[in-house]
Amino acid sequence: MTREEEAKIIRAVVDGNTNAFEDLVLEYQKQVYHITLKMTGSEEDAFDLSQETFLKAYRTLGSFRGEASFGSWLYRMAANLCIDFLRKKKRYGSEKIISLDEDEEEGRRPLELPDLRYEPQSALEKKETGERVRAGLAKLPHEQRLILVLRDVEGFSYQEIADALKIELGTVKSRIYRARAHLAQLLTEDGNFLKKTASEETERR
Amino acid sequence: MQDCSKYDIMISARLDGMLSKKEARELEKHLAECAECRKYLQLLETVKDGLREDLPDPPETLREGIMYKIGLEKGRKRHFGAIGRWTAIAAVLCIVTIGVVKLNGSGVMGAGAAAPEAAPVIEANSAVRYASDNVVEAPREGELESSKMAAPAPTLSAQAFDALSGGGSKAGGAAPDTEPGESADGGIPDAAYENGMREEPENGSVYAVGSLPGYDVARAALDSGDYRGVCLFYDCLPEGLPDRSWQTKIPEDGEEARWELSAEALTVLESGAEWNEFYYGDLDSGLGLVIVIAGEEE
């Protein structure tokens, strides 16, 4: 959908053609759903938050100025709703977030860097690594989780992320790095990248 | 040992193809010489690749649900601009309906039993623009029965409803024996939805999604004697504000309901925030008249 097409639809909705909003839902619901799904880890919560995002967008559509793209505006709403949601959960103790001090451990390389270059990975190993990485994602602070979801899960460009989160490109770059570094650190510390001996391998099976 | 931390961000950016030519050259040169950085690159790449995931499409019901809910809201507003605006109204007030739906539906306090507290009512300043004129009217079939049944209606008495909706309607409210966790019997006539009634699925309270300006509604509610006051509730907030900002204490038996407008709600009101809907009945306890403030665009 081009910006012009979008602008047309938005005007139509604001003028009272509610059904036109459906085109926007169809265009963006996948990404919104994915973002909320990765942020909350729950299909049910993702469903609710996705709905809430679109409803909120509908309600406040009259105030959308069109400076940013509608998508950016929408993703930002989704992101904020997710973060509010997660914060509330945390307040009631239902989720434990590991959060290191910004200026201390985050962004530093693990002391022992695993040597991953020469380990051929079978498809199964790749799959397991992926699972561990994604499990680690859930342990990141919300903001870091968000930026990795946008970049590495949904494939948003740096510019798209900058637009959605209303931050500078340079900030996008450094935040992505810190999130990845933090995740790498968590995974390394948990021993996820330890080299296994052949006998350990067979034992595991 | 060399301090390679200056290459950290570059290594990450390289994975995204976000290095300038100059940076790329510099990094390549360094990587050729530094095993540690090569390892780190590999580690971050493993992390990045590991995040890749094929996620499912949202269910059809997502789109359907959104359009359905939007359809419910449509009746209330003629134009997006014509949304009720509180200007420096501040205090709206206070407190709230007395009816409480207890779990077994029987221990309901008398609605309208007490004279209203002298609740301070602030005159709405100038510019209150009105939303569209759809007035809440048609009751649900089941409502008429239930409101006649037990003496106090759990949420609204017929009079209060009339007062609020400008006449011509009967009481709306959950059946007295409906537990908060249940929804009342299904099948709200479409006409009711068009006129702005809506059922909250979780506790079965029925809400009038009103289009009357908030101030008039609050005034009518107070005048009816069934409400001691009005409570503010808002969602979709400007950043940083919690999304339900009424301070309420659900009254214990025999205790008076006492809600205060929270500081946050006051701030939002005073900022001239737009409201876009009001309910009577509340989401959690089945009581109250609430006004929902729309959030500002971020």
Side-chain angles (χ1 to χ4, degrees), chain A residues 14-16 18-19 21-22 25-26 29-30 32-34 37-38 43 46-47 50-51 54-56 58-65 73 76-77 80 84 107-110 113-117 129-130 132-134 136-137 148-149 151-153 158 173-174 176-177 180-181 183-184 187-188 193, chain B residues 4-5 8-13 15-18 35-53 55-59 61-67 69-71 73-74 77-83 235-237 239 242-243 274 276-277 292 294-298:
Chain A
V14 170
D15 285 343
T18 303
N19 289 331
F21 192 75
E22 190 161 13
V25 176
L26 288 169
Q29 61 169 344
K30 200 162 155 180
V32 169
Y33 184 67
H34 287 176
L37 189 55
K38 287 310 288 183
E43 282 181 355
F47 186 92
S50 298
Q51 266 204 1
F54 280 103
L55 288 174
K56 180 179 174 183
Y58 172 78
R59 286 180 193 136
T60 57
L61 199 55
S63 60
F64 173 62
R65 298 281 161 254
W73 187 67
R76 183 136 196 270
M77 248 179 234
N80 285 334
D84 287 346
R108 297 249 192 90
R109 308 182 181 195
L113 278 177
D115 196 337
L116 300 167
R117 292 165 299 157
T129 303
R132 288 198 212 113
V133 170
R134 292 190 287 278
L137 184 68
L148 289 186
V149 168
R151 176 66 205 131
D152 291 329
V153 182
Y158 277 32
K173 198 185 271 197
S174 61
I176 289 177
Y177 165 68
R180 281 179 182 152
L183 185 50
L187 294 167
T188 308
F193 298 123
Chain B
C4 293
S5 59
D8 286 347
I9 295 185
M10 285 170 70
I11 288 173
S12 167
L15 295 173
D16 301 317
M18 289 300 292
E36 283 299 294
C37 282
R38 287 197 296 272
K39 280 198 222 171
Y40 198 37
L41 171 65
Q42 191 64 37
L43 177 57
L44 292 188
E45 190 170 24
T46 301
V47 165
K48 178 183 161 75
D49 291 344
L51 288 171
R52 207 183 303 141
E53 192 180 354
L55 293 174
D57 285 348
T61 45
L62 179 61
R63 181 188 50 82
E64 288 166 0
I66 291 166
M67 294 313 296
K69 289 190 178 179
I70 284 175
E73 296 191 17
K74 184 192 179 172
K77 305 180 204 171
R78 200 187 288 128
H79 312 286
F80 270 86
I83 296 176
D235 67 354
C236 306
L237 284 194
E239 273 179 8
D243 78 353
E274 299 184 337
N276 69 352
E277 50 190 76
V292 179
E296 285 160 13
E297 189 244 341
E298 276 142 27

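Every chain is numbered from 1, with letters handed out A, B, ... down the list of sequences.
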_Segment of Leu41(B) engaging chain A (4.5 angstrom heavy-atom cut-off)_ = neither
*asked:* Which atoms of Met67(B) are under 4.5 Å from chain A, going by heavy atoms: the side chain, the backbone, both sets, or neither?
replied: side chain
Quick one: closest heavy-atom pair of [X] and [Y], and the distance?
{"X": "Ala184(A)", "Y": "Leu44(B)", "result": "CB-CD2, 4.0 Å"}
{"X": "Pro58(B)", "Y": "Lys30(A)", "result": "CD-CA, 3.9 Å"}
{"X": "Arg109(A)", "Y": "Cys4(B)", "result": "NH2-O, 3.1 Å"}

Could you tell me whether the side chain of [Y] reaches within less than 4.5 Å of the side chain of [X], counting heavy atoms only?
{"X": "Pro114(A)", "Y": "Lys39(B)", "value": "no"}
{"X": "Tyr33(A)", "Y": "Leu55(B)", "value": "no"}
{"X": "Arg151(A)", "Y": "Lys48(B)", "value": "yes"}
{"X": "Ile11(B)", "Y": "Tyr177(A)", "value": "no"}

Spacing of [atom1] belonging to [X] relative to [atom2] belonging to [Y], to within rounding of 0.5 Å:
{"X": "Ile70(B)", "Y": "Phe54(A)", "atom1": "CD1", "atom2": "CZ", "value": "9.0 Å"}
{"X": "Leu37(A)", "Y": "Glu53(B)", "atom1": "CG", "atom2": "CD", "value": "7.5 Å"}
{"X": "Gln29(A)", "Y": "Ile66(B)", "atom1": "CD", "atom2": "CD1", "value": "6.5 Å"}

*Within a reach of under 6.0 Å around CD of Glu43(A), are more than 12 heavy atoms found that belong to other residues, nucleotides or ligands?*
no
_Is Tyr158(A) close to chain B through its backbone or its side chain, or both, or neither, when contacts mean heavy atoms under 4.5 Å?_
side chain
*asked:* Quick check on Ser174(A) against chain B: is it the side chain, the backbone, both or neither that has a heavy atom closer than 4.5 Å?
replied: both
*Under the side-chain hydrogen bond (donor to acceptor under 3.5 Å, both in side chains) test, which residues partner Asp49(B), sequence neighbours left out?*
Arg52(B)
*Please list, chain by chain and in numerical order, all residues satisfying side-chain hydrogen bond (donor to acceptor under 3.5 Å, both in side chains) with Arg180(A), sequence neighbours excluded.*
Asp152(A), Ser12(B), Asp16(B)
*Between Lys38(A), Lys173(A), Gln51(A), which shows the greatest number of heavy-atom pairs under 4.5 Å with chain B?*
Gln51(A)
*Counting heavy-atom pairs under 4.5 Å to chain A, which of Met10(B), Glu45(B), Met18(B) comes out on top?*
Met18(B)
*Please test Thr46(B) against Leu187(A) for side chain to side chain contact (heavy atoms under 4.5 Å, CB included), starting from the C-alpha separation and ending with a verdict.*
CA-CA 11 Å; Thr46(B) 301; Leu187(A) 294 167; over 6 Å; no
